[in-house]
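What follows is a set of notes on a single structure, which appears directly below.
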Number of protein chains: 2
Amino acid sequence: MAETGEGTAVSAADRAHAELRELLLRFALLPKQKLNEVALAERLNTSRTPLREALNRLVAEGLLEKGTRGFSVPDLRVDVVTDLFEARLELECAIVRLACERATEAGLEALAGFLDESIAETPDASVDRLIELDIGFHDTLARLAGNAVMRGMLANLNDRIHLVRWIAMDGRRAGTQSQHRDILARVRARDAVGAMALMREHILHRNDGIVAAIRAAYGHVHMLGAR
Amino acid sequence: MAETGEGTAVSAADRAHAELRELLLRFALLPKQKLNEVALAERLNTSRTPLREALNRLVAEGLLEKGTRGFSVPDLRVDVVTDLFEARLELECAIVRLACERATEAGLEALAGFLDESIAETPDASVDRLIELDIGFHDTLARLAGNAVMRGMLANLNDRIHLVRWIAMDGRRAGTQSQHRDILARVRARDAVGAMALMREHILHRNDGIVAAIRAAYGHVHMLGAR
DNA sequence: GTATTCCGCTTTGTATACAGAAAGTGATGC
DNA sequence: GCATCACTTTCTGTATACAAAGCGGAATAC
């Protein structure tokens with residue numbers, strides 16, 4: 001068991017899990033790629049046992065798949081991605097509605113501050129940073145909605161759509177933060193119906209051209225693969 | 001790798017996962033119980049390695065928790081259970097709305113048949129069977145809604161609330177199937193608003209007295225523990 | 001009698017070994 | 001040149017070994 005600086009022990013399996021997740025979110029592991037445990041264990045500087053424990057967790061989280069033998073990165077299938085985005089839409093609408101009911105004024109004030117910073121940062125931000133800011137806004141809304149389970153479900157969906165979202169965000173820098181601002185205004189007004197409509201528009205706007213985004217994602221990962 | 005009769009290999013880890021899940025759903029593993037891997041491996045007739053792989057999956061699925069050392073069954077905490085039921089409510093409402101849009105006539109016809117059988121069976125059914133029928137109805141709706149991701153999310157929530165649901169169902173045999181009938185009628189009429197309102201009523205009806213159900217669940221598991 | 005310490009045993013996280021399955025490679029036949 | 005086969009190597013699922021951490025009981029001190 002490795003020790004962190006704060007005296008909290010982090011197991012090798014936990015570390016492998018976190019590092020694998022990073023590899024997935026950075027597209028260092030590509031769709032349909034079959035994972036080689038020996039190489040991966042070496043890469044992550046651990047033995048196969050904690051690595052396999054981490055791989056099993058990621059399978060349960062939907063980030064990896066398990067065949068009869070071995071683990072692999074899921075293919076980018078249109079039907080699955082479509083389902084993921086739709087699930088996200090439904091969950092986000094529920095979350096924003098609950099946030100209208102439950103968010104504290106202090107919480108909304110802090111979110112407005114975050115939004116100001118996001119807007120200031122957007123013109124020069126990398127795509128990774130844009131996504132971070134996007135997720136930050138939505139995750140804060142989820143926290144303000146006061147349902148930890150739903151917040152966790154949203155986080156999982158975010159991981160699973162990360163690549164497609166990255167591509168879509170790259171192609172479309174404009175508008176996200178102003179849409180966030182509009183949504184926040186509705187939440188502050190405790191206008192659930194309005195907030196949900198804007199959230200739906202915001203996410204459907206993103207959903208447009210999922211097939212195109214997936215095709216672009218394939219182009220992107222093939223480019224990565226050629227690296 | 002064990003062979004099933006149909007030539008599909010089932011790994012020891014897969015088997016352990018399924019058996020552990022069964023133990024959890026049957027309350028053979030109790031809230032807050034610390035798991036002993038050696039005893040459990042012996043009980044499941046496997047070695048610790050595939051057992052730990054299964055345990056890790058169950059942690060990722062929210063059915064178990066992992067401390068700095070070892071695995072345990074989550075405590076029945078009111079806030080978590082409340083969140084789980086609320087998440088289920090939101091998800092089920094989204095599902096029933098999508099089912100209104102997407103369900104085929106044949107699919108709805110089959111569900112009506114299932115409902116007839118469920119109603120016929122209810123007076124003499126065990127609680128386990130009642131829950132199976134309840135879950136069967138909702139899962140079929142989820143299938144008819146045509147979003148596999150959301151169906152999977154619902155299945156996971158169902159696992160996580162199983163014990164509390166069991167208690168609540170035991171205390172309240174009446175009304176479920178007639179409520180299912182009403183919901184199905186709204187879906188057949190493609191009345192999303194009506195269907196969602198009934199679904200909300202159906203689940204909130206269940207949610208009433210979650211604290212009481214959790215207390216009763218504790219009584220139940222203490223009785224089990226004394227076995 | 002109670003609190004503390006020590007020691008032996010057990011448990012857990014991880015590394016390594018092993019066996020079977022799968023993949024790769026080279027030789028042979030057509 | 002291509003297909004097939006046999007052999008070798010590699011990979012994967014699992015069992016086992018090992019070291020560290022934790023627990024429980026006995027001994028000791030007050």
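Just so it is clear, the model here is predicted, and its values are computed rather than measured.
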Rounded to whole Å, how long is the line connecting atom [atom1] of [X] with atom [atom2] of [N]?
X      : N       : atom1 : atom2 : result
E53(A) : dT14(D) : CD    : P     : 13 Å
R52(A) : dT16(D) : CZ    : C1'   : 16 Å
N56(B) : dT12(C) : CG    : P     : 13 Å
L51(B) : dG13(C) : CG    : C1'   : 13 Å
L55(B) : dT11(C) : CG    : C1'   : 14 Å

Who passes side chain to side chain contact (heavy atoms under 4.5 Å, CB included) against [X], sequence neighbours left out?
X       : answer
D159(B) : R21(B), L25(B), L63(B)
V164(B) : L76(B), V81(B), F85(B), A213(B), I214(B)
E101(B) : R97(B), L98(B)
N158(A) : R88(A), I135(A), L154(A), I161(A), R165(A)

Summary of ring pair (Phe, Tyr, Trp, His ring centres under 6.0 Å) pairs that have at least one residue in residues 133-152 of chain A, sequence neighbours excluded: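 Non-adjacent pairs meeting ring pair (Phe, Tyr, Trp, His ring centres under 6.0 Å): F137(A)-H180(A), H138(A)-H180(A), H138(A)-H202(A).
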
Short of 4.0 Å, heavy atom to strand atom, which residues of residues 35-42 of chain B count as contacting DNA chain C?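 By residue number: L35(B), N36(B), E37(B), V38(B).
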
Just jot down the side-chain hydrogen bond (donor to acceptor under 3.5 Å, both in side chains) partners of E109(B), sequence neighbours excluded, or say none. R188(B)

With sequence neighbours excluded, what pairs up with D128(B) under the side-chain hydrogen bond (donor to acceptor under 3.5 Å, both in side chains) test?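 If we apply the side-chain hydrogen bond (donor to acceptor under 3.5 Å, both in side chains) test to D128(B), skipping adjacent residues, the hits are W166(B).
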
Not counting sequence neighbours, list each pair that qualifies as a salt bridge (charged side-chain N to carboxylate O under 4.0 Å, His left out) and has a residue in residues 40-49 of chain B.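 Residue pairs with at least one partner in residues 40-49 of chain B: E37(B)-R48(B).
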
N/O to N/O distances under 3.5 Å, protein versus nucleotides 19-25 of chain C:
unit_1  : atom_1 : unit_2 : atom_2 : d
dG20(C) : N2     : R69(A) : NH2    : 3.3

Taking only N and O in the side chain of K66(B), is any of them less than 4.0 Å away from OP1 or OP2 of dT12(C)? no

Which residues share a salt bridge (charged side-chain N to carboxylate O under 4.0 Å, His left out) with D83(A), sequence neighbours left out: none

Side-chain heavy atoms of N56(A) within contact of H17(B), under 4.5 Å: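 Heavy-atom side-chain distance check fails, nothing below 4.5 Å.
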
Pair D79(B)-T82(B), side-chain donor/acceptor within less than 3.5 Å: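 No pair is found: no donor N or O on one side chain lies under 3.5 Å from an acceptor on the other.
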
Measure all distances between protein nitrogen or oxygen atoms and nitrogen or oxygen atoms of nucleotides 17-19 of chain D, and list the pairs falling under 3.5 Å.
none

